[in-house]
Structures are given as structure tokens and as C-alpha cells.
Amino acid sequence: MTTAFREHLRRGAAAMRIELTDAQADMFLAYYRRIVEANAQFNLTRVPDDPAEFIDRNLLDSLAPLCFDMLPEGCSLIDVGTGAGFPGIPLAIARPDVSVTLVDALDKRVKFLQGVTDALHLNAEAVHMRAEDAARTPNMRESFDVATARAVAPVNVLAELLLPFVRPGGAMLAFKGPGAQEELEDARFAIETLGGGCVRLEQAGIPGRDWRHSLVLVEKAASTPEKYPRRAGMPEKRPLRT
Ligand code: SAH
């Protein structure tokens, strides 16, 4: 298993033009083992039976922004609703120059993540908070170069959960499926209201898979008005609309 895991990971990453050292491949394997182990104790995340599918769906998918130069050297990144650590942990393993903050509302998941970042000595920390509350703390508000999320909410909701964390000049980065374009159209008002600017949409391919994943990068053009994000639960319950 160990050799097959490393092989599949290295081959996939190479096809995406991402170079991984042996030490990094070992870290991905250690991370995978910790996930499988934790999942036997509590509901951490869905783990496919086939390790190759886990690699493609979670590890390589998380690394897709590296194919588009979306993370500047030495940037700070916050991953909101990170769950078992996607995309934040794979990005922290592949890019040790990026300082990663992992946020989740579920304490068990955050404790698991802290264990991973300690064991692997990652340039990352895990925070147990709801995004709506975290974005109001002065040391986190408008403090990150990039705020990202995968499988958390539609783009109009994500704009309110992510843009308040981003300093003007930075960007929010949403991992999306085939419906990204429609979600973006629904999110125009929210993006503008929250200080978002130019939008870039990229199709993110995983080698050998026909999944139609995409990445939505929204630049932060202006400061987010003080009243956003609204209190916990509201962004999802009443998404910003004209
Ligand atoms: N990003 C991961 C997990 C997606 S599941 C992945 O792609 O696999 C969604 C996660 O977001 C859950 O762990 C949930 O606890 C968290 N979450 C949902 N809304 C949140 C909020 N407002 N603030 C913080 N975490 C949130």
C-alpha cells in the first residue's frame, strides 16, 4: 500500500507540474493514516475505500490552485470550514512558505487538525471558531492574503464568510464544481457589497479523472463594511441578494 500510495501521489502531482520531495510524500501518507485512524473513532470525513480515489479527491484536488499560481510566495492563507483539513493541510505540506490558519466550527475536527500540524511540524495552526465570529476578531479581520473554502457553501454565502478575512489587495478562493458560473452570477451583489473586485474562473483538472472542478478567485478591491459578516448562521440563512 505504502509504495502504491506514494507512486499514485507523485505521478498525479507530477502531471499537475507540482514537485513533491520524498519527505513531503511521507507527510501526505502520515496525514492519510491519521485520517483513517481518527475516522474509526468519530465522523471526521468520508474516506473512499480506494486510496487512489482519496489521493485524487482530497489531496490533489486541494493542490489545484498551485497549477494557476494563485498563492504568492510567503503568503498567509485561512481555510474556512476545513473539516479534516481540505484544502489547508495539503497546501501546508506542499508549500511550507505559506502560513496556514485552519478554521472549523467542530471542536473534534480542530483537535484532530492540531494533532496533525504538531506531528508533521506544519506551518499551520487550527482554530475552533465559526467563521462569522473569527472574522470579527481584530487579529483575523482583513489579515490574510488569501481566504479559501471547499465544500462549505455557495459562492454568494462564501463571499460573506471569506472576504472579511482578506486584506484589500488579497483574494478569496472558492473550490467549486461544474456550477461555478451560475453560482458566480448569483453572487455578484454579495461580492460587490463585501468589497470584492475582479473575478477569475479556472477549470481545475485532476489527472485521469473527468471531474469538472473549478476554482473561483475573487480579488479584494475595498474594505468590507463593518456590519459584515452578519451574526452566525445569517449568511447561509439569508444570502445577500439585490
Ligand atoms: N473543507 C472540507 C470540509 C467540508 S464540510 C472538505 O472539503 O472536505 C464543511 C465543514 O465546514 C464542516 O467541517 C463544518 O463544521 C464547517 N463549517 C460550516 N460552516 C461553518 C462556519 N460558519 N464556520 C466554521 N466552520 C464551518
Side-chain angles (χ1 to χ4, degrees), residues 28 31-32 34-36 38-39 41-48 51 53-65 77-94 100-117 122 124-137 140-141 144 146-166 172-180 183 190 194 204 206 209 211-216 224 228-240:
F28 279 112
Y31 175 41
Y32 169 64
R34 279 180 173 258
I35 288 179
V36 172
N39 235 9
Q41 315 293 320
F42 69 100
N43 174 22
L44 176 61
T45 185
R46 194 185 79 79
V47 180
E53 189 185 338
F54 175 87
I55 291 168
D56 293 349
R57 202 170 277 291
N58 291 317
L59 305 183
L60 296 176
D61 189 55
S62 292
L63 299 181
L77 174 140
I78 184 166
D79 180 18
V80 171
T82 185
F86 308 119
I89 298 260
L91 289 171
I93 294 173
V100 175
T101 301
L102 306 155
V103 175
D104 203 277
L106 238 131
D107 195 36
K108 272 195 172 178
R109 295 190 178 135
V110 174
K111 291 218 166 74
F112 165 80
L113 294 168
Q114 199 58 63
V116 172
T117 61
L122 298 178
E125 66 166 338
V127 178
H128 173 221
M129 266 184 137
R130 283 196 64 114
E132 297 91 324
D133 302 323
R136 294 206 159 272
T137 62
M140 294 179 91
R141 189 175 183 86
F144 295 88
V146 181
T148 192
R150 189 185 83 155
V152 174
V155 178
N156 56 356
V157 176
L158 277 186
E160 189 168 354
L161 296 180
L162 297 181
L163 283 171
F165 286 110
V166 182
M172 69 168 257
L173 170 61
F175 285 67
K176 285 287 144 194
E183 282 190 37
L194 294 153
I206 302 298
R209 305 280 187 183
W211 303 333
R212 291 167 53 225
H213 292 185
S214 43
L215 294 168
V216 176
T224 300
Y228 300 109
R230 290 165 292 164
R231 67 185 158 79
M234 288 304 284
E236 191 155 23
K237 203 161 150 198
R238 296 223 189 92
L240 291 174

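Order of appearance sets the numbers: ligands from 1, and atoms from 1 within every ligand. All of these numbers come straight from a predicted model, not from anything done at the bench.
Ligand 1 places these atoms under 4.0 Å from at least one heavy atom of Arg109: 12 (C), 13 (O), 15 (O). Residue contact check: Thr82 has heavy atoms under 4.0 Å from atoms 1 (N), 2 (C), 3 (C) of ligand 1. Which parts of ligand 1 touch Gly83 is read off a 4.0 Å heavy-atom cut-off, strictly below it: atoms 3 (C), 13 (O). Residue contact check: Arg150 has heavy atoms under 4.0 Å from atoms 1 (N), 2 (C), 4 (C), 6 (C), 7 (O), 8 (O) of ligand 1. The atoms of ligand 1 that sit less than 4.0 Å from any heavy atom of Met129 are 24 (C).
Using a 4.0 Å cutoff on heavy atoms, Asp104 counts as a contact of ligand 1. Not a single heavy atom of Glu236 sits closer than 4.0 Å to an atom of ligand 1.
Not a single N or O atom of Thr45, backbone or side chain, sits closer than 3.5 Å to an N or O atom of ligand 1. The N/O atoms of Ala105, backbone and side chain alike, include one that comes under 3.5 Å of an N/O atom in ligand 1. For a threshold of 3.5 Å applied to N or O pairs, the pair formed by Gly81 and ligand 1 contains at least one separation below that value. The shortest N or O to N or O distance between Val103 and ligand 1 is not below 3.5 Å. Polar contact with ligand 1: present for Ala131 (N/O pair, distance under 3.5 Å).
Residues Phe165 and Met140 form a side-chain contact, since some pair of their non-hydrogen atoms from C-beta on lies under 4.5 Å apart.
For CZ of Arg209, the number of neighbouring non-hydrogen atoms (other residues, nucleotides, ligands) closer than 6.0 Å is greater than 12. Counting non-hydrogen atoms of neighbouring residues, nucleotides and ligands closer than 6.0 angstrom, the CD atom of Gln114 exceeds 12 such neighbours. No more than 12 heavy atoms of other residues, nucleotides or ligands sit less than 6.0 Å from atom CZ of Arg212.
Put simply, the side chain of Glu183 gets close to the backbone of Val155: a donor and an acceptor are under 3.5 Å apart. Using a distance-only test at 3.5 Å, with no hydrogens or angles considered, no donor-acceptor pair links the side chain of Arg57 to the main chain of Val47.
A tilted orientation is assigned to the rings of Tyr32 and Phe54, their planes being inclined by 30° to 60°.
The side chain to side chain donor-acceptor pair (under 3.5 Å) test with Arg150 is passed by exactly one of Asp79, Thr82, Asp61: Asp61.
Note that atom 10 (C) of ligand 1 has protein non-hydrogen atoms nearby, at separations under 4.0 angstrom.
For the pair Glu160 and Lys237, the salt-bridge criterion is not met [side-chain N within less than 4.0 Å of a carboxylate O].
The two residues Lys176 and Val216 have their closest heavy-atom pair at CG-CG2, 4.1 Å.
The nearest protein atom to atom 5 (S) of ligand 1, hydrogens excluded, is given as Ala151 O, 3.7 Å; this is a heavy-atom distance. The protein heavy-atom contact nearest to atom 19 (N) of ligand 1 is Val152 CG1, 4.3 Å. Counting only heavy atoms of the protein, atom 22 (N) of ligand 1 lies nearest to Glu132 OE1, 3.0 Å.
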